[in-house]
Amino acid sequence: MAALSVWFWNERFWLPHNVTWADLADPAPGVEYPKAGHLLSALPLAVGIFAVRILFERFIASPCAFLLHIHAASVHWRATPNPVLEKVFTSITKCPDSRRLDGLSKQLDWDVRKIQRWFRHRRNQDKPSILTKFCESMWRLIFYLFMFTYGICFLWKCPWMWDTHHCWYNYPYQVLTPGLYHYYVTELGFYWSLMFSQFTDIKRKDFPIMFIHHLATVSLISFSYANNMLRVGSLVMCVHDASDFLLEAAKLTNYAKYQRLCDFLFVLFAVVFFITRLVLYPLWILNTTLFESWEMIGPYPSWWLFNSLLLVLQVLHVIWSYLIAGIAYKALVRGKVFIKDLSVFCSVNLSLDPDYHCETYPRHDATTNTLQQRDSAWFPLDMTLGIQDKEFNLGSSDQRILFLMV
């Protein structure tokens with residue numbers, strides 16, 4: 001283990017030329033430099049943040065949701081217990097194709113439509129309620145807003161906020177202040193909690209992208225702390241926090257059915273996102289990490305790794321910006337933003353209902369506000385799949401549902 005530790009903490013990788021760990025080990029009295037061991041405090045903090053989140057969602061977010069008349073929707077139909085179908089559902093696929101449906105039909109002596117209906121009901125049982133989504137978004141809104149406010153108040157008094165050259169003056173002999181330590185460790189603890197809770201939270205369509213984002217963020221925070229790049233790291237965190245809380249606010253207003261407020265918040269979020277991620281981040285952050293630091297301290301191995309991670313984030317910014325631009329275009333065409341749209345790039349998965357990949361699409365009757373199954377009875381619209389908000393594109397086919405707000 002000692003040899004592995006020596007290899008991992010190789011000075012020629014982590015530190016600039018002519019600097020050793022011994023130079024940073026014994027600072028002057030009253031002066032402290034960042035140490036990798038400090039990062040361990042983020043792990044119990046992540047557990048504490050997760051515990052606070054549970055209490056917040058139960059005792060604060062849930063009552064707020066009830067005041068806005070948001071309740072946990074009950075599942076109208078539950079799938080009949082069936083070991084064979086349950087095994088297929090949990091182990092193989094939640095939406096079997098026609099070939100598998102025919103095989104199950106012969107094995108169980110069930111009609112294919114009955115098996116399709118069973119899978120539809122079983123999927124609906126696992127769908128999170130609007131209440132669950134509201135509570136999760138409210139927690140994220142409060143935390144992102146708190147961290148952004150703290151970051152702005154802290155950085156407003158820091159010289160590197162106004163002149164990024166201060167990020168590299170006297171590097172790496174830069175003093176660790178209590179405010180900078182708390183800012184860093186709290187952000188790191190929060191993203192650790194997000195990484196772990198991502199496996200238990202509402203399943204998202206962008207799960208791989210968000211996992212890469214969280215992993216890159218945790219790695220960036222950890223690497224920048226270990227080699228004392230905290231000053232530029234604090235700028236990176238503040239830039240990212242600037243738009244996140246606006247997205248969560250837009251989702252909350254959409255869950256509460258305040259559509260005009262949601263539209264306004266989404267437009268505001270899009271503007272802030274484009275400015276911070278496509279303008280400030282590359283022109284302010286990447287400029288100082290790639291060019292100013294090159295001139296003042298020169299490149300070294302961990303410098304290359306740090307900037308590579310920053311460039312990974314920029315690639316993700318471009319991907320999300322493309323998705324947001326598509327949503328904005330659709331919003332201009334149809335006149336409003338849907339919850340499903342807000343889930344596409346960095347939020348809850350509210351995608352097209354998977355039933356309609358498996359069965360004939362139902363027909364909507366605008367006069368009676370019902371959905372008609374082509375081979376079954378008429379059902380009230382609000383009873384069919386627990387759908388609360390819908391938008392239908394009857395177009396020429398009269399069979400395709402454009403968006404399902406589950």
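Distance check: Lys114 NZ to Leu101 CG gives 14.5 Å after rounding to the nearest 0.5 Å. Rounded to the nearest 0.5 Å, atoms CG (Leu131) and CD (Glu57) are 9.5 Å apart. Atom SG of residue Cys64 and atom CD1 of residue Ile70 lie 10.0 Å apart, to the nearest 0.5 angstrom.
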Verify salt bridge (Lys or Arg N to Asp or Glu O under 4.0 Å) between Glu248 and Lys251, making sure each step is shown before the conclusion.
CA-CA 5 Å; Glu248 302 302 330; Lys251 288 172 7 185; 2.9 Å; yes

Between Asp244 and Arg277, is a salt bridge (Lys or Arg N to Asp or Glu O under 4.0 Å) present by the stated rule, with each step listed?
CA-CA 11 Å; Asp244 289 342; Arg277 308 295 178 93; 3.2 Å; yes

Residue pair Glu11, Val19: steps toward the side chain to side chain contact (heavy atoms under 4.5 Å, CB included) verdict
CA-CA 8 Å; Glu11 295 169 343; Val19 179; over 6 Å; no

Go through Asp263 and Gln259 one step at a time and tell me if the side-chain hydrogen bond (donor to acceptor under 3.5 Å, both in side chains) criterion holds.
CA-CA 6 Å; Asp263 296 342; Gln259 189 62 51; 2.9 Å; yes

Let's go through Lys35 and Leu176 carefully: what are the C-alpha distance in whole Å and the side-chain angles of both, what is the deciding distance for side chain to side chain contact (heavy atoms under 4.5 Å, CB included) to 0.1 Å, and is it a yes or a no?
CA-CA 10 Å; Lys35 297 179 180 179; Leu176 175 65; over 6 Å; no

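Nearest heavy-atom pair, Phe273 versus His317, reported as atom, atom and distance to 0.1 Å: CE2-O, 4.0 Å. In terms of heavy atoms, Leu290 sits closest to Asn307 at CD2-OD1, 3.3 Å. The nearest pair of heavy atoms linking Leu40 to Pro44 is O-CD, 3.1 Å. Closest approach of Phe134 to Leu252, counting heavy atoms only: O-CD2, 3.3 Å. Contact detail for Ile115 and Leu104: the closest heavy-atom pair is CD1-C, 3.6 Å. When all heavy atoms are compared, the tightest approach of Pro282 to Leu286 is O-CB, 3.4 Å.
Proximity of Ser293 to Phe306: side-chain heavy atoms (C-beta onward) are nowhere separated by under 4.5 Å. With a 4.5 Å cut-off on side-chain heavy atoms, Met229 and Thr289 do not count as touching. By the 4.5 Å heavy-atom criterion applied to side chains, Ser224 and Val232 are not counted as neighbours. Looking only at side-chain heavy atoms (C-beta outward), Tyr184 and Leu39 stay at 4.5 Å or farther from each other. Pro172 has its side chain out of reach of Asn227: every pair of non-hydrogen atoms, C-beta onward, lies at least 4.5 Å apart. Side chains of Ile324 and Phe269 form a contact here, defined as non-hydrogen atoms less than 4.5 Å apart. A heavy-atom distance below 4.5 Å is not found between the side chains of Arg122 and Leu85. For the pair Cys238/Tyr183, a side-chain contact is recorded, criterion being any heavy-atom separation below 4.5 Å from C-beta on.
Checked against a 6.0 Å centroid threshold, the rings of Trp160 and Trp168 do not count as neighbours. Taking the six-membered ring for Trp, Tyr144 and Phe190 have ring centres closer than 6.0 Å. You'll find the ring centres of Tyr169 and His166 inside the 6.0 Å limit. With ring centers used as reference points, Trp14 lies under 6.0 Å from Phe8.
There is no side-chain donor-acceptor pair under 3.5 Å between Gln174 and Asn170. In this structure, a donor-acceptor pair under 3.5 Å is absent between the side chains of Ser222 and Ser219. Side-chain contact check for Tyr225 and His38: at least one donor-acceptor pair (N or O, by modelled atom type) lies under 3.5 Å.
Within a 6.0 Å radius of CZ in Phe264, other residues, nucleotides and ligands contribute 12 heavy atoms or fewer.
The side-chain contact (heavy atoms from CB on, under 4.5 Å) test with Phe245 is passed by exactly one of Phe146, Phe143, Phe148: Phe148.
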